[in-house]
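Chain letters run A, B, ... following the sequence lines, proteins first, then strands; residues in each count from 1.
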Amino acid sequence: MTKQELPKAYDFKSTEPRIYAMWEAGGFFQPHNDPNKPGFDPNVEPFVISIPPPNVTGELHLGHAMFVSVEDLMIRYHRMKGYSTLWVPGTDHAGIATQLMVERDLLQKEEVTREELGRDEFVKRTWEWKHKYGNIITNQIRRLGASCDWSRERFTLDDGLSRAVREAFVRLYEKGLIYRGPRLINWSPGLKTAVSDLEVEYEEEDVTLYYFKYMLAGRGGSRSAPPEYIPVATIRPETILGDTAVAVHPEDERYKKYIGKTVIVPILNREIPVIADEYVSMEFGTGALKITPGHDPNDYAIAQRHNLPIISMLDKEAKVNENGGKYQGQDRFEARKNMWADMKKAGLVIKEEPYRTTIPRSQRGGEIVEPMISEQWFVKIESLAKAGLDAVRDGRIKIVPERFEKIYFNWLENIKDWCISRQLWWGHRIPVWYCPDGHMTVTREDPTQCAACGSKEIRQDDDVLDTWFSSGLWPFSTLGWPQQTADLKYFYPTTYMETGYDILFFWVARMIMMGLEFTGEIPFNTVYLHGTVRDQFGRRMSKTKGNGIDPLWVLDGAPVEALPDYAQKQYPKGLPAMGTDALRFTLLTAGSPGNDLNLNLERVESNRNFANKLWNIGRFVINAIDGLGDQRPKASLQSPTSNYTLADSWIWAKLQQLVRDVERNFQNFQYGQAGQQIYDFIWSDFADWYVEIAKEQMKSDDTRTSTVETLARVFDTCLRLLHPFTPFVTEEIWGHLRSSILQSSLSRLARDWTPALIVAKFPQPRQPEGWEEAKVADFELIQEIVRSIRNLRAEKNVAPSKKIPATIISGERVDLLKAQSPIIATLAGLDQSQISNLKFLQDKPADSASLVIGSVEIYLPLAGMVDLSGEKSRLEKELKEAESHIARLEKLLSSDFAGKAPPALVQKERDKLAGYKDTAEKLKTQLK
RNA sequence: GGGCGCUUAGCUCAGUUGGUUAGAGCACUUCUUUUACACAGAAGGGGUCGGGGGUUCGAGUCCCUCAGCGCCCACCA
């Protein structure tokens, strides 16, 4: 292979697809220890994540980008650690969402409704849709660098998972944990299906509160006794049609006398009783409550207590039914208007007033949900919930961040039976058959006759199951359950469950309950929850608000007109393409676990710059290696205490500290911290200091090869540490680095390297050896000297290109400074040939500006450039600063701090104080 | 009505067993086309860590309290 010049800028556009293809072709996404393949070793520890399956009709949004970034990070880290790592991908059939989308499409393109098409044809069309568009989302997820094992990809409606759903349903049924019956459920009139409690969202809205009279029955009234009535308030006057009682508080003096009497339902003129129930609040409204058991959960409960009849007055489209008299056929809101008008005419109206209350709306359709009595299937949840609670309480499952455990407990402790039937066509059909006699047959295989009476006239239940029923089985159904497959045996329970906190109840809690119920094991041992990605002002991204950022814009760039308003202002020329790594690194480091993240596009830009920086550091290191030619290492690096330069020792010590910090942060799920630390090390320590010093060290034959070796080894470690965060750019550079090293005289370094970084070994932390602290302190002194000189030069406007002479005086540190003088000279722009010998001087050179750093004095003879009076005030300022430090530290050290703080800490402060005292002394002498 | 989170530099945010001159990115000022990088380098300015109280030798960090913002859960018509 011939060496080719690497371009100045990292080209992520051409690199990313090439690298991804290489990974996939190399089989790196598959677990290295596969139970289905020869040579399987059951003792190798697996690490498994099941992907939160995106909706098969979905398109990539930042929520996907977030979970892919975090999960791929977890996966890549563990893969590099040597675990047999499996990330199971797949998609969800997403009942309502998909059905709606296909319905809309059919209506638009063919002007047919699903009812016109019929169930079988509609389902067929939906499958066609799935086959056509179902891979869009998975391809988009590939673009994010997801290292899923695509050979194990699953779909919630595929044959295997359908069998799992069937098995789960039948088992629950046989155990008596599934029942069917008429209950008050949330009905979505737009979607014409039941929805679960979780699928209803409550929002505060301005409505009208209507006050009216419930006239007492049998009292027409007369001149002596005006007609009596009970005033009642409601926000839904049309539900009067379904009223079966009026309730008052038993202690309410105003209404006590009416208890047991009857009142007349307006317009319908039905008679209903006045009952007493403590639920009614005497303070609120009129203190009297109309009871509509058929359309209100509270009223339903009261009706049960008092054995009241239940009247349904709405049909499936929320139109008034035959129980609504003259209003039959009217929409609920139309009926409300008409009813109220009629009541006005009848003189039954008291007043209307504006009112603010929470209104239940369907999460999907957005229309107001109507509580209705309906025949539905339910899961008896109590025992499942208890098991789910125990698993987290006793620590078998850990939730990160921990505060979500409390939320989880609270929800499960108050959970109600789960309505699992949906009146949809797209989904797992409920495996129950009915015969004309009403017997139910519930079986794993489709029956041909009724299990009870043998009737051949059986008909399957029309309903399908809630989508979350199948997603609840996901961690084990994707591994083959209910069959005891090799995958299930080895990879289950899975390891982490990573997802957004917004589906803790929908999904996570149900997986825990169902996992425990069906497999007898926890489905995963850790739940890690990330936050929601919002726009840079903290607003939820939404299509209607038009403030959403499409991840693909961030990857590929976008024309200005595609962007939301605020971004148009920021990027009048359009959004530049920034690549996957930049987006991933931003999502991983810009926030903290469990908290929402406001995506700042400028931050993505800076991370694109980071990728480019990395690329260029790589070019430098590779050039340095190539530049060695066949020059044999003079003496290989031995130990930091023998032939390392100070800079070598320093960067090595800092790197080892970094590896330890990163490891600790990974263990604590502090990925953002880890990423930030790697970023800082690479940019601020390695590039800004070590690379610059390396240029100097490479000039000398004595240190040339050892410097290149250090560059190569440190950079290699950086790439490994960073790979889970920014997989593409690190893989690309590492490949170049690897081949350069193998062709160089340093080839021994890379001899055991893997073919690709994705499967390279993650750096192992090592304990400090004891020398580190002193070397780091020494190097930091050099840094401080360099910074001080640079600072002075900038202040005095010395041209950067101008090399200036210097005299450095130091007592105790003379050896260190002598050794480091070439580096100080290079970095600070000193004329090396004119650096005075380090020595003890009694007098400072004339016409010099001076710097004092502890015991070190530096004189820069800037004759003609230095204004001496200004010089004096500068030194006075420095003295003042030093003295304020001295005062602060003396106060600190004379307080209880000295006695009570850890001795090492106290000593550190004492040393600092001594340094400042030294500085102050020297400054004072100079000022004289 | 319960519960949770947030409030740190102009903006967006880190800051996990409390450790002493509080960090990053962007923005800002000055300088530099120095042979890895101008998507860069060097130097700098900018914060009484929302208010108040407490614990402690020491508090952005722990406790109490108040305020503002956001979220979740909850059947007051």
- Item | Nearest-Å distance once atom C1' is located in both B:rG51 and B:rC72 | 27 Å
- Message: If I pick the C1' atom on B:rC26 and the same atom on B:rU65, what distance separates them, to the nearest angstrom?
- Response: 37 Å
- What distance, rounded to whole Å, do you find between the two P atoms, one in B:rA42 and one in B:rU48? 28 Å
- A:Phe409 CZ - B:rG3 C1' separation (whole Å): 14 Å
- Atom P, compared across B:rG44 and B:rC4: separation rounded to whole Å: 45 Å
- Distance flag, aromatic centroids of A:Phe12 and A:Phe728, threshold under 6.0 Å: no
- Item | Rounded distance in Å between the P positions of B:rU16 and B:rC28 | 31 Å
- Task: Hey, which sits more toward the 5' end of RNA chain B by its nearest nucleotide, A:Asp896 or A:Asp680?
- Result: A:Asp680
- Message: Rounded to whole Å, please give me the gap between CZ in A:Phe12 and P in B:rC39.
- Response: 13 Å
- Item | B:rA43 OP1/OP2 closer than 4.0 Å to side-chain N/O of A:Arg790 | yes
- Please work out if A:Ala301 contacts a base, only the sugar-phosphate, or nothing of the nucleic acid, heavy-atom cut-off 4.0 Å. nothing
- Query: Can a donor-acceptor pair be found between the side chains of A:Asn791 and A:Ser788 at a distance below 3.5 Å?
  - Reply: no
- Task: Would you mind telling me which of A:Ile310, A:Ile291, A:Leu308 makes a side chain to side chain contact (heavy atoms under 4.5 Å, CB included) with A:Asp299?
- Result: A:Ile291
- Item | A:Glu370 bridged to A:Arg236 by N-O distance under 4.0 Å | yes
- Could you tell me whether the side chain of A:Lys613 has a donor or acceptor atom within less than 3.5 Å of a complementary atom in the base of B:rC37? yes
- Task: Considering only atom C1', compute the distance from B:rG60 to B:rC49 and round it to an integer number of Å.
- Result: 5 Å
- When all nucleic acid strands are considered with a 4.0 Å heavy-atom cut-off, which category describes A:Gln676: base, sugar-phosphate, or nothing? sugar-phosphate
- Would you mind reading off the distance between A:Glu602 atom CD and B:rG25 atom P, rounded to a whole angstrom? 13 Å
- Once base and sugar-phosphate atoms are separated, protein heavy atoms under 4.0 Å mark nucleotides 72-77 of chain B, 5' to 3', with B, S and - as -S-BBB
- Message: Suppose you measure atom C1' in B:rU17 against the same atom in B:rA59; what distance do you get, rounded to whole Å?
- Response: 15 Å
- Would you classify A:Asp596 as touching base, sugar-phosphate or nothing, given that sugar-phosphate means primed atoms plus P, OP1 and OP2, and contacts are heavy atoms under 4.0 Å? nothing
- Message: With the threshold set at under 4.0 Å for non-hydrogen atoms, list the residues of residues 578-594 of chain A touching RNA chain B in residue-number order.
- Response: A:Ala590, A:Gly591, A:Ser592
- Message: Does the structure place the NZ or CZ of A:Arg361 under 6.0 Å from the centre of the six-membered ring of A:Trp187, at an angle of no more than 45° from the ring's axis?
- Response: no
- Message: Before we go on, tell me: are the rings of A:Tyr214 and A:Phe212 under 6.0 Å apart, centre to centre?
- Response: yes
- Verify side chain to side chain donor-acceptor pair (under 3.5 Å) between A:Glu663 and A:Gln667, making sure each step is shown before the conclusion. CA-CA 6 Å; A:Glu663 184 65 18; A:Gln667 294 310 323; 2.8 Å; yes
- Message: Identify the stems formed by RNA chain B, where each pair is Watson-Crick or G-U wobble with both distances under 3.5 angstrom and a stem is at least 3 consecutive pairs.
- Response: B:1-7 with B:67-73, B:10-13 with B:23-26, B:28-32 with B:40-44, B:50-54 with B:62-66
- Pair A:Asn609-A:Glu605, side-chain donor/acceptor within less than 3.5 Å: no
- If we ignore angles and hydrogens, is there a donor and acceptor under 3.5 Å between the side chains of A:Thr292 and A:Lys290? yes
- Message: Does B:rG25 have its OP1 or OP2 closer than 4.0 Å to a side-chain nitrogen or oxygen of A:Trp683?
- Response: no
- Task: Check the distance between B:rA43's P and A:Leu827's CG and give it to me in whole angstrom.
- Result: 10 Å
- Ring centres of A:Tyr571 and A:Tyr566 under 6.0 Å apart? no
- Which nucleotide in the set B:rC57, B:rC4, B:rA36 lies at the smallest distance from any side-chain heavy atom of A:Asn623? B:rA36
- Base, sugar-phosphate, or nothing: which does A:Asp299 touch, judged by heavy atoms less than 4.0 Å apart? nothing
- Query: With a non-hydrogen cut-off below 4.0 angstrom, is A:Pro902 in contact with a base, only sugar-phosphate, or nothing?
  - Reply: base
- Specify the separation, in whole Å, of atom CD1 of A:Ile682 and atom P of B:rC39. 20 Å
- Query: Between A:Lys695 and B:rU35, does any side-chain N or O lie under 4.0 Å from OP1 or OP2?
  - Reply: no
- Ignoring hydrogens and angles, does a donor from either the side chain of A:Glu692 or the base of B:rA36 sit under 3.5 Å from an acceptor on the other? yes
- Query: For A:His249 and A:Asp277, does a side-chain donor sit closer than 3.5 Å to a side-chain acceptor?
  - Reply: no
- Note on the structure: Which of B:rC71, B:rC37, B:rU32 is nearest the side chain of A:Pro800? It is B:rU32
- Which part of the nucleic acid, if any, lies within reach of A:Leu597 when heavy atoms closer than 4.0 Å are counted: base, sugar-phosphate only, or nothing? nothing
- Between A:Arg403 and A:Glu405, does at least one N-O distance fall below 4.0 Å, as a salt bridge requires? no
- Any cation-pi pair here, A:Lys613 with A:Tyr679, using under 6.0 Å and within 45°? no
- Query: Touch check for A:Arg603, heavy atoms < 4.0 angstrom, all strands: base, sugar-phosphate only, or nothing?
  - Reply: base
- Message: Taking B:rA22 as the reference, what is the distance to B:rG46 when you measure between their P atoms (whole Å, please)?
- Response: 12 Å
- Task: Nearest whole angstrom, please: distance from the C1' of B:rG15 to the CG of A:Asn595.
- Result: 13 Å
- How close or far is atom C1' of B:rA36 from atom CZ of A:Phe686, stated in whole angstroms? 11 Å
- Query: Can a side chain N or O of A:Asn791 be found less than 4.0 Å away from OP1 or OP2 on B:rG44?
  - Reply: yes
- Worked check of side chain to side chain donor-acceptor pair (under 3.5 Å) between A:Gln536 and A:Glu602: CA-CA 10 Å; A:Gln536 60 186 290; A:Glu602 282 163 353; over 6 Å; no
- Figure out the NZ/C1' separation between A:Lys796 and B:rC31, and round it to whole Å. 16 Å
- Can you tell me if A:His736 and A:Glu732 form a side-chain donor-acceptor pair at under 3.5 Å? yes
